Amino acid sequence: MSIIDELNPIQREAVKTVEGPVLVLAGPGSGKTRVLTYRIAHLMNIGVPAYQILALTFTNKAASEMKGRIVELVGEKSNHLWMGTFHSIFARILRCEAEKLGYTKHFSIYDTTDSHSVICNLMDLLGISPQQYHPQAIRARISHAKNLLVSPEMFARDASDVFEEKTAIVFKEYEKKLKVNNAMDFDDLLVKPIELFEHHKKVLETYQERFRFILVDEYQDTNHAQYVLIKHLAARYRNLCIVGDDAQSIYGFRGADIRNILDFKHDYPDANIVNLEQNYRSTQTILAAADQVIKKNIDQLTKHLWTDNPKGEPITVLICQDDQHEGSMIVSRIFDDVSRLKIDFKDIAIMYRTNAQSRSIEDSLRRNSIPYVIIGGIEFYQRKEVKDVLAYLQLIVNPRDEESFMRIVNYPNRGLGETALGRLQQFASSKQLPLLEAARRANELESLTQKAKDNFTLFALLIHKYIQLKDSMSASELSRAVVDEVGILQMFKEEGTPEALARRENIQELLSAISEFSAQEADTTLAQFLEQVSLLSDVDQWDDKHNTVTLMTLHSAKGLEFPVVFISGVEEGLLPFSDSTFETKSVEEERRLLYVGITRAKVKLYLSYSRQRFRFGGVSYQVPSRFLGEISEELIQTTDYTRDSYVQRLRYKKREYSTTKQTSYYFTDDLPDYEQKYVEPVELHVGNFVEHDIFGKGKIIEIMGPKDSLKAVVDFQAVGRKNLMVKYARLKVI
DNA sequence: ATTAGGCGATTTTTT
DNA sequence: ATCGCCTAAT
């Protein structure tokens with residue numbers, strides 16, 4: 001039996017049309033991943049060698065899952081398949097070709113934080129006030145320009161106001177600085193390959209010959225640079241299969257251009273177009289709601305999604321008093337559904353527009369001991385101490401990387417502050433030296449104190465020592481040696497506070513991650529590890545093996561599915577987000593975002609909103625989202641927990657066991673009433689013994705401040721007295 | 001003159 | 001939890 005017998009006729013067509021351009025318009029849940037994996041497997045089965053296939057995905061996780069599936073289908077012959085995100089694939093190509101562009105193969109990859117920091121330093125140097133011109137905004141503007149392949153010169157020429165003029169100045173210096181640092185930012189990973197292909201036709205031809213079959217997933221979220229890259233690579237053989245759904249385009253703010261998919265027919269008039277319209281994922285009700293919402297968008301290709309799945313339950317809309325209340329209501333429904341639908345926590349996802357919304361939901365989950373994971377937010381590799389250690393390693397691999405140098409030259413404290421560093425920078429730029437070299441020669445700098453000179457020299461010697469050693473040691477030996485010699489673990493140990501010990505554990509975890517990485521394949525270098533880490537996405541770091549509820553933004557939810565989905569904060573100002581409400585185009589993107597969220601659900605969907613919530617440091621009164629009104633009433637069952645004033649004032653509690661579905665909650669008087677709970681999640685009194693997640697156990701000495709920003713002085717057994725904000729401290733009375 | 005540590009404010013979405 | 005700003009300590 002051929003593998004393609006497992007597909008429906010339309011999917012089969014998408015798989016078997018291997019020559020020429022193919023556009024697969026794949027609605028949510030229509031078996032898109034299946035088509036991609038089977039198509040690749042099919043190519044190999046008809047004799048195409050794996051190394052001639054290039055498959056570009058949106059996340060590394062999607063790539064590795066698909067790869068696993070392909071190995072199952074065709075076995076070992078898929079070994080040399082190139083599959084990954086645009087960024088990781090082109091980083092790999094750039095490593096090989098870096099010299100042609102004036103970089104070394106060990107160039108650093110700067111993430112958004114690094115870029116931001118470079119820009120701040122430059123603005124300082126250029127005398128541009130960060131108060132007047134937000135570095136954040138300048139960075140976004142530069143990134144946007146780069147994605148449109150606009151050079152600093154072009155940008156300067158077209159600058160139409162003061163902000164753009166200032167941006168143009170920073171842009172020019174920023175590009176220079178990155179080059180000097182032997183570093184590329186995320187945008188460069190797409191822009192530099194284009195530069196390479198356009199200036200070195202021979203190189204382009206090599207890659208065109210190599211990648212005769214190209215597949216691109218999530219094409220609706222490609223930006224202009226990605227579009228041009230693909231156009232170049234596919235120009236010779238034109239065996240290009242793109243898969244996407246314009247209705248799921250949600251990265252416009254990042255430069256994604258929905259026209260790429262809408263205009264595909266223009267670029268490739270001979271393209272075969274395949275419409276995957278049968279949905280295998282959701283109930284009829286969920287699909288109908290999704291369809292009603294997305295129909296309000298003007299700018300789209302029309303589709304007719306349908307499903308053989310059962311009608312399913314109505315969509316439940318939860319109306320709540322405020323964000324805390326919303327968290328509690330979601331938790332009750334989770335308990336309810338776990339017993340009612342016989343599902344596990346891992347089958348449930350809670351989605352929201354902004355990361356900040358996770359806090360109140362987390363509180364409720366934690367109070368009720370429901371295990372959960374958050375995708376995104378503050379991730380492991382973004383932790384300060386982890387980034388610091390990585391900066392040491394990065395500097396050893398790429399000694400010209402000034403960003404890494406600045407990060408760690410005074411970490412741990414070497415008494416090298418702002419002024420000392422400023423003088424070193426001046427010295428370095430006047431002599432045209434990299435900072436590390438300047439530090440080595442710090443003795444020539446008269447203006448420094450002897451102590452500063454010594455410390456700069458010692459630091460430079462330390463780094464140089466490991467630069468010498470790096471080729472004779474494995475990645476894991478090297479990183480351990482560095483951490484040891486710098487005394488980072490020792491430092492945290494001496495500090496001894498629970499926070500320091502937590503940081504120490506993070507470093508140890510990082511070291512094991514490096515060992516694990518080296519163990520996977522022979523001869524992995526530190527540089528490879530660093531590259532992998534810098535291109536990891538939030539979803540990539542998600543371990544879906546544990547039985548936990550998953551929390552994430554609607555953006556992160558793309559490509560995933562769950563039996564039960566909660567979408568919280570379906571309110572004006574949040575979804576659609578407030579900045580977007582003035583422009584039709586961005587409202588349409590917000591609508592697509594909701595569409596993505598709705599279509600993640602397989603059997604049960606909840607939409608919730610709150611009458612009020614904490615935003616921007618105060619209480620904000622919220623209005624239900626316009627999108628809710630776009631779903632017809634017969635698909636919805638509404639539970640208004642705020643309508644009855646009696647309900648508002650009392651605390652709800654889940655009944656241990658219930659037989660009827662409507663009365664799963666009852667209200668008790670024996671608990672503090674709702675108003676009280678709202679201001680003061682846990683009632684605290686002087687003399688209470690409490691427990692804190694990090695500081696451990698302690699006794700309350702004093703409580704003070706206004707109700708909404710209550711403070712408590714707590715004497716902890718382990719760390720002594722601490723002044724805490726009650727609303728953040730999550731104290732438990734014991 | 002410098003640096004370090006404490007305090008207060010902080011909220012779009014991300015490779 | 002982290003960043004930036006301010007003040008105390010060296």
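If you're wondering where the values come from, they're calculated on a predicted model, not measured in any experiment. Just the heavy atoms: all of them, side chains too, but no hydrogens, waters or symmetry mates, feed the values below. Lettering follows sequence order; numbering is per chain, from 1.
Across the protein-nucleic acid pair, R254(A) atom CZ and dT15(B) atom C1' stand 5 Å apart, rounded to whole Å. Note: CG (L189(A)) to C1' (dT14(B)) measures 14 Å, nearest angstrom. Summarising the geometry, the separation between CD1 on I109(A) and P on dT14(B) is reported as 20 Å, rounded to the nearest angstrom. Regarding R407(A), its CZ atom lies at a distance of 11 Å from the P atom of dT2(C), rounded to whole Å. The CG-P distance, from N147(A) to dT15(B), rounds to 14 Å in whole Å. In this structure, CG of L448(A) is placed 10 Å from P of dT3(B), rounded to the nearest angstrom. As a whole-Å value, the separation of E218(A) CD from dT15(B) C1' is 13 Å. One interatomic measurement links the two molecules: CG of L574(A) to P of dT13(B), which rounds to 10 Å at whole-angstrom precision.
At a threshold of 4.5 Å between non-hydrogen side-chain atoms, the residues V373(A) and L551(A) do not count as touching. Side-chain contact between I230(A) and L56(A) is present, with heavy atoms from C-beta onward closer than 4.5 Å. Counting heavy atoms from C-beta outward, T85(A) and I89(A) have side chains that stay 4.5 Å or more apart.
Ring-plane geometry between Y251(A) and F253(A) is classed as tilted, the angle between the planes lying from 30 to 60 degrees on a 0 to 90 degree scale.
Lacking a ring centre under 5.5 Å from that of the base six-membered ring together with a plane angle below 30°, F86(A) does not count as stacked on dT15(B). Both thresholds, 5.5 Å between centres and 30° between ring planes, are not jointly met by F577(A) relative to the base of dT13(B), so the two rings are not stacked.
If you check dT2(C), dT13(B), dG5(B) against the side chain of R353(A), the one that comes closest is dT13(B). Of the candidate nucleotides dT13(B), dT11(B), dT15(B), dT13(B) has the atom nearest to the side chain of F253(A). Comparing dT15(B), dT14(B), dG5(B) by their nearest atom to the side chain of T85(A) picks out dT15(B). Side-chain atoms of T354(A) lie closest to dT13(B) of the nucleotides dT15(B), dT13(B), dT3(B). Side-chain proximity of R503(A) to dT2(C), dA4(B), dT13(B): nearest is dT2(C).
For the pair R366(A) and D363(A), the salt-bridge criterion is met [side-chain N within less than 4.0 Å of a carboxylate O].
Proximity of N355(A) to the phosphate of dT12(B): no side-chain N or O atom is located under 4.0 Å from OP1 or OP2. Using a 4.0 Å cut-off, some side-chain N or O of T419(A) falls inside it from OP1 or OP2 of dT3(B). Here R423(A) reaches the OP1 or OP2 of dT2(B): one of its side-chain N or O atoms lies under 4.0 Å away.
Looking at heavy-atom distances under 4.0 Å, N410(A) makes contact with sugar-phosphate atoms alone, never a base. D111(A) comes within contact range of no nucleotide atom at all, as no heavy-atom separation falls under 4.0 Å. G415(A) comes within contact range of the sugar-phosphate backbone alone, with a heavy-atom separation under 4.0 Å but no base atom that close.
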Go through it in stages, so that I can follow the logic: the residues are F459(A) and F405(A), the test is ring pair (Phe, Tyr, Trp, His ring centres under 6.0 Å), and I'd like the CA-CA distance, side-chain angles, deciding distance and then a yes or no.
CA-CA 10 Å; F459(A) 176 76; F405(A) 178 95; 5.5 Å; yes

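DNA chain B is contacted by both I250(A) and L421(A); L421(A) maps to the nucleotide lying nearer its 5′ end (nearest heavy atom per residue).
Taking the centre and axis of the six-membered ring of F58(A), the NZ or CZ atom of K558(A) falls inside the cone set by 45° and 6.0 Å.
Looking at residues two or more places apart in sequence or on another chain, you find a side chain to side chain contact (heavy atoms under 4.5 Å, CB included) between S556(A) and I375(A), V539(A), M552(A), T553(A).
For the segment residues 550-559 of chain A, the set of residues with a heavy atom within less than 4.0 Å of an atom of DNA chain B comprises T553(A), H555(A), S556(A), in numerical order.
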